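These values consider heavy atoms only, across backbone and side chains, with no hydrogens, waters or symmetry-generated copies. Keep in mind it's a predicted model, so treat the numbers as computed, not measured.
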Amino acid sequence: VPDDYPLESVRLGEQGGVRLIVDVTTDGYAINCRVTSSSGFERLDAATCPMVVKRARSTPYSLQEGETALQTYTSVVHWELRK
(Lines give C-alpha, C1' and ligand atoms only; values in the text may rest on other atoms or scores of the structure.)
Protein backbone atom coordinates (compact mmCIF):
# COMPACT_ATOMS: atom_id res chain seq x y z
CA VAL A 1 0.00 0.00 0.00
CA PRO A 2 1.59 3.28 -1.06
CA ASP A 3 0.69 5.07 2.20
CA ASP A 4 2.66 2.45 4.14
CA TYR A 5 5.90 2.87 2.17
CA PRO A 6 8.37 4.89 4.26
CA LEU A 7 8.83 8.25 2.54
CA GLU A 8 12.61 8.26 3.00
CA SER A 9 12.76 4.77 1.44
CA VAL A 10 10.81 6.06 -1.56
CA ARG A 11 13.20 9.01 -1.90
CA LEU A 12 16.23 6.71 -1.72
CA GLY A 13 14.77 4.02 -3.99
CA GLU A 14 14.92 1.30 -1.32
CA GLN A 15 13.22 -1.97 -2.25
CA GLY A 16 13.35 -5.52 -0.97
CA GLY A 17 11.59 -8.45 0.63
CA VAL A 18 11.06 -8.87 4.36
CA ARG A 19 10.43 -12.37 5.72
CA LEU A 20 8.29 -12.56 8.79
CA ILE A 21 6.37 -14.79 11.17
CA VAL A 22 2.87 -13.68 12.14
CA ASP A 23 0.59 -14.96 14.91
CA VAL A 24 -3.10 -14.85 14.00
CA THR A 25 -6.06 -15.15 16.40
CA THR A 26 -9.08 -17.40 15.81
CA ASP A 27 -11.01 -14.39 14.48
CA GLY A 28 -8.38 -13.82 11.77
CA TYR A 29 -6.46 -10.84 13.16
CA ALA A 30 -2.67 -10.63 13.20
CA ILE A 31 -1.46 -9.77 16.70
CA ASN A 32 2.25 -10.56 16.77
CA CYS A 33 4.83 -10.21 14.06
CA ARG A 34 8.57 -10.83 13.92
CA VAL A 35 10.99 -10.12 11.08
CA THR A 36 13.06 -13.23 10.36
CA SER A 37 15.00 -11.99 7.33
CA SER A 38 15.86 -8.41 6.45
CA SER A 39 15.21 -6.56 3.22
CA GLY A 40 18.61 -4.97 3.71
CA PHE A 41 16.96 -1.67 4.62
CA GLU A 42 16.17 -0.89 8.25
CA ARG A 43 13.29 1.47 7.39
CA LEU A 44 11.50 -1.20 5.33
CA ASP A 45 12.07 -3.86 8.00
CA ALA A 46 10.73 -1.52 10.72
CA ALA A 47 7.62 -0.62 8.68
CA THR A 48 6.66 -4.21 7.86
CA CYS A 49 5.22 -5.59 11.11
CA PRO A 50 3.16 -2.52 12.04
CA MET A 51 1.61 -2.60 8.54
CA VAL A 52 0.91 -6.34 8.73
CA VAL A 53 -0.68 -6.13 12.18
CA LYS A 54 -2.79 -3.16 11.06
CA ARG A 55 -3.94 -4.56 7.71
CA ALA A 56 -3.60 -8.35 7.51
CA ARG A 57 -6.70 -10.48 7.91
CA SER A 58 -7.04 -14.23 7.69
CA THR A 59 -10.04 -16.50 7.46
CA PRO A 60 -11.45 -17.07 10.97
CA TYR A 61 -11.10 -20.64 12.18
CA SER A 62 -12.42 -22.90 14.93
CA LEU A 63 -10.12 -24.57 17.41
CA GLN A 64 -9.79 -28.31 17.27
CA GLU A 65 -8.93 -30.35 20.33
CA GLY A 66 -5.32 -29.71 21.35
CA GLU A 67 -4.88 -26.57 19.22
CA THR A 68 -3.76 -23.25 20.64
CA ALA A 69 -5.69 -20.01 20.18
CA LEU A 70 -3.01 -18.66 17.84
CA GLN A 71 -1.97 -19.93 14.45
CA THR A 72 1.48 -19.00 13.17
CA TYR A 73 2.20 -18.19 9.54
CA THR A 74 5.32 -17.27 7.63
CA SER A 75 5.18 -14.74 4.84
CA VAL A 76 7.20 -12.29 2.78
CA VAL A 77 6.31 -8.65 2.21
CA HIS A 78 7.81 -7.34 -1.02
CA TRP A 79 8.46 -3.60 -0.94
CA GLU A 80 8.58 -2.46 -4.58
CA LEU A 81 8.47 1.01 -6.05
CA ARG A 82 6.33 1.52 -9.12
CA LYS A 83 7.99 3.03 -12.12
Side-chain angles (χ1 to χ4, degrees):
V1 178
D3 291 342
D4 295 310
Y5 218 112
L7 292 177
E8 187 68 5
S9 293
V10 171
R11 188 179 74 73
L12 296 172
E14 296 174 345
Q15 301 183 88
V18 179
R19 269 191 197 284
L20 51 113
I21 295 176
V22 181
D23 294 328
V24 178
T25 63
T26 56
D27 56 359
Y29 289 90
I31 59 167
N32 296 312
C33 176
R34 296 167 303 287
V35 171
T36 60
S37 181
S38 174
S39 65
F41 299 100
E42 188 175 327
R43 275 178 291 276
L44 297 181
D45 298 346
T48 299
C49 282
M51 178 193 63
V52 167
V53 169
K54 177 181 174 185
R55 297 187 182 279
R57 298 294 175 263
S58 178
T59 303
Y61 61 92
S62 298
L63 291 176
Q64 303 297 317
E65 188 174 330
E67 286 186 317
T68 63
L70 296 178
Q71 296 291 317
T72 302
Y73 298 93
T74 59
S75 187
V76 178
V77 171
H78 297 280
W79 293 94
E80 296 179 10
L81 295 168
R82 298 195 181 193
K83 298 182 187 210

Check: Is the backbone N or O of S39 less than 3.5 Å from a side-chain atom of D45, with the two atoms forming a donor-acceptor pair by type?
Finding: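 Yes; at least one donor-acceptor contact below 3.5 Å.
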pair [X]-[Y]: side-chain heavy atoms closer than 4.5 Å:
X   : Y   : result
V35 : C49 : yes
Y5  : Q15 : yes
V52 : V77 : yes

Kindly write out the residues that satisfy salt bridge (charged side-chain N to carboxylate O under 4.0 Å, His left out) with E80, not counting sequence neighbours, or none if the list is empty.
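E80: no salt bridge (charged side-chain N to carboxylate O under 4.0 Å, His left out) contacts found.
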With sequence neighbours left out, the residues meeting salt bridge (charged side-chain N to carboxylate O under 4.0 Å, His left out) with R11 are E8
I'd like to check the side chain to side chain contact (heavy atoms under 4.5 Å, CB included) partners of P6; sequence neighbours left out, ordered by chain and number.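 Side chain to side chain contact (heavy atoms under 4.5 Å, CB included) list for P6, sorted by chain: S9, R43, L44, A47, W79.
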Problem - Results of side chain to side chain contact (heavy atoms under 4.5 Å, CB included) for S75 - residues two or more places apart only - result: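 For S75, the residues satisfying side chain to side chain contact (heavy atoms under 4.5 Å, CB included) (neighbours in sequence not counted) are L20.
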Residue pair R55, D4: steps toward the side-chain contact (heavy atoms from CB on, under 4.5 Å) verdict = CA-CA 10 Å; R55 297 187 182 279; D4 295 310; 2.6 Å; yes
Is there a side-chain contact (heavy atoms from CB on, under 4.5 Å) between Y73 and V24 once you walk through the steps?
CA-CA 8 Å; Y73 298 93; V24 178; 3.6 Å; yes
* From R34 CZ over to T72 OG1, what is the distance, rounded to the nearest 0.5 angstrom? ->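 Nearest 0.5 Å value for the CZ-OG1 distance: 6.5 Å.
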Compile the donor-acceptor pairs under 3.5 Å between side chains in residues 26-33 and protein atoms, sequence neighbours left out, one pair per line.
residue	atom	partner	partner atom	Å
D27	OD1	T25	OG1	2.2
N32	ND2	D23	OD2	3.3

